[in-house]
Amino acid sequence: MGHDGDGVGGNAATIGARELGNVVCGGAGSVSEARIVSYASSPYEKEPEHELLWHLWTAAQRCLERAGIEKRDVNGLALTSFSYPPGNVVTLAEHFGMRLTWGEQGVFGGASGVVTVGRAVDAIRAGRARCVLCLAGDVFTVASHDSMLDSFTPAMGDYLAPHGFGGANGLFALVEQRHRALYGTTREQLGRVAVTQREHALLNPGALFQTPLTLEDYLAARPIAEPLRLFDCVMPCSGAEAVLVVHEDLAAATRRPPLELRAMREAHNAHPELLMSLPGGFEQYANELFADARLGRGDLDFVQLYDDYPIMVAVQLECSGFCEEGTSGAYLEATDLSIHGDLPLNTGGGQLSCGQSGAGGGMIGVVEAVQQLQHEAGARQVADARCGLVSGFGLVSYGKGLCTAGAILARAD
Amino acid sequence: MPVPDHAARFQEGGAEGRLLLQRCVSCAHVPGLPRIACPRCFGPLGWFEAPGTGRIVSCAILRRTHNEQFERHLPIVLALVRLDAGAELISTLVGPDRLEAAIGRPVDVAREDRWSTLVQFRLAD
């Protein structure tokens, strides 16, 4: 049983298990459905002004408040953070004073946001939790992020750090250079990702980058790890993201637009013998993901693709079946990726224009998707958005990101 | 007595400018990075000194490094090398001509101008 009634407290005004009685998390044989009902972010900071726990608390508190849920009603917690260890999801629960029947530590790098939301839905369906808060965030600067990467995985510390390898920038420069050589992909084509996402960021007050970016700016930017230049690289920053997943009965009580997870798939170490994310692993499950969701690629109202680099957006478009292998350059050229276009991409600006709040970068796409589907995205709202794809990608190690995940979210009403 | 380290000979080879790699005793797979067991068949691995030749699969020119100890080696040329021994490695190229690195160009293990504790490569003729 997910809920013992003890941690709910006696506040009759609380939307919680009290009014739901014993129906939550049912008995043997009953199938519970999960709904995503709320989202929030902490204010992103280029230079740290607050500690990590403040960011996590701020995102959590705003997320619960939006849903009208009290902290004491949360009985499931998922956490992803690179800078919190040796703390983990359970020590955070202790710090927050949360009694848990279920916990999940995201260990999949930038794929953790998608994976933990999927796990939360599973837990609610299985009756092991009824109100799950999924958090991800970090406090980073460029310098602290770089030094973390030197020991991010055992192989990076042992075999890449002694080469002064340039962090993730160096590794994804290898991917872009290979893609260019194999398929003739151009900098102008990839630049469309960065430029379009910046246009979206200008409509998102939460994005750290608030100045327009032209293709000329992108092409002429300072080289970092050639062929990558400055605007190919995310800026490490501080921030946290939160998503709330609850039992459907509780969802009804929140009066929030209910969303469902139509499908979620993951793949880890998809290509044991490759040293580059080319292909990236997304192709392992893309068709099953859409089949599970009973949706086609053309049905999507938007895509929130993990955007540590424009080249990885391009690789994902190929691997996820939006275009054929090797044709993402032409696809980017021919496709309107804007909010009003053919395939609205990273509608809040993505990590490239919001900043990468460490592990929060793996959740920012989920948060943006939820906000879009609940029709609360303001100036950047995709008209009548009903469903969308979110991807995660991460745990970069010796040459490649080891983890990928994809989810399709949709309105449930 | 120290506990044996599965990667020690790779690291020692790097210090000497030699390419020491593992080969699977059962299936002859050459995994590249040191492993405790063959990632293909899970069998035990033995060591051999591989010819240091290969070709560039991809490369990048690093204009900055976050680690001060490597700043004097900038620009650093990072390369993914397909070794003739059958494995791939990510390494760095050294030598005054390293900026001429290009996909497909042959490389060899570097014996001069080395600065990493691991095996580095140079453009071959």
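Atom set for the values below is all heavy atoms of this structure, side chains included, hydrogens, waters and symmetry mates excluded. Letters A, B, ... mirror the listed sequences (proteins, then strands); counts begin at 1.
Between chain A and the residues B:Leu74, B:Thr117, B:Leu89, the most heavy-atom pairs under 4.5 angstrom are made by B:Leu89. With respect to chain A, the highest number of heavy-atom pairs below 4.5 Å among B:Gln11, B:Gln120, B:Gln69 belongs to B:Gln11. Among A:Pro223, A:Ser147, A:Ala173, A:Pro162, the residue with the largest count of heavy-atom pairs under 4.5 Å with chain B is A:Pro162. When each of B:Leu118, B:Asn67, B:Ile76, B:Leu80 is checked for heavy-atom pairs under 4.5 Å with chain A, B:Leu118 comes out on top. Of all the listed residues (B:Arg63, B:His66, B:Arg40), the one sharing the greatest number of non-hydrogen pairs under 4.5 Å with chain A is B:His66. Chain A forms more heavy-atom pairs under 4.5 Å with one residue of B:Thr65, B:Ile90, B:Val57, B:Ile103 than with any other, namely B:Ile90.
Heavy atoms from other residues, nucleotides or ligands lying under 6.0 Å from CD of A:Glu325 number 12 at most. Atom CD of A:Glu324 has 12 or fewer heavy atoms from other residues, nucleotides or ligands within 6.0 Å. Crowding of B:Phe42 atom CZ: a count of heavy atoms from other residues, nucleotides or ligands under 6.0 Å not exceeding 12. Within 6.0 Å of atom CD in B:Glu112, 12 or fewer heavy atoms from other residues, nucleotides or ligands are found, so the atom counts as exposed in its surroundings.
Distance alone, capped at 3.5 Å, places no donor-acceptor pair between the B:Ser58 side chain and the A:Val175 backbone.
One distance of note links CG of B:Leu93 with NE2 of A:His163; it measures 10.0 Å at 0.5 Å rounding. Note: B:Leu33 CG to A:Tyr398 OH = 4.5 Å, rounded to the nearest 0.5 Å. To the nearest 0.5 Å, atoms CZ (A:Arg222) and CZ (B:Arg64) are separated by 7.0 Å. Here OG1 of B:Thr92 is found 12.0 Å from CZ of A:Phe165. Values are rounded to the nearest 0.5 Å. The distance from atom CD of A:Gln177 to atom SG of B:Cys59, rounded to the nearest 0.5 Å, is 5.5 Å.
Taking both residues in full, the closest heavy atoms of A:Gly170 and B:Ala60 are given as O-CB, 4.2 Å, listed atom of the first, atom of the second, then distance. The two atoms that bring B:Ala79 and A:Leu174 nearest to each other are CA-CD2, 4.3 Å, heavy atoms only. Residues A:Tyr159 and B:Ala7 approach most closely at OH-CB, 3.1 Å, considering heavy atoms. Of all heavy-atom pairs between A:Gly164 and B:Phe70, the closest is CA-CD1, 3.4 Å.
For A:Leu171, the parts lying near chain B are the backbone and the side chain together; criterion is any non-hydrogen pair under 4.5 Å. Contact annotation for B:Val119: only backbone heavy atoms (N, CA, C, O) come within less than 4.5 Å of a heavy atom of chain A. Proximity to chain B is limited to the side chain of A:Ala155, based on heavy atoms less than 4.5 angstrom apart. Contact of B:His73 with chain A is not made at all, since no heavy-atom distance falls under 4.5 Å. Of the atoms belonging to A:Asp158, heavy atoms from both backbone and side chain fall under 4.5 Å from chain B.
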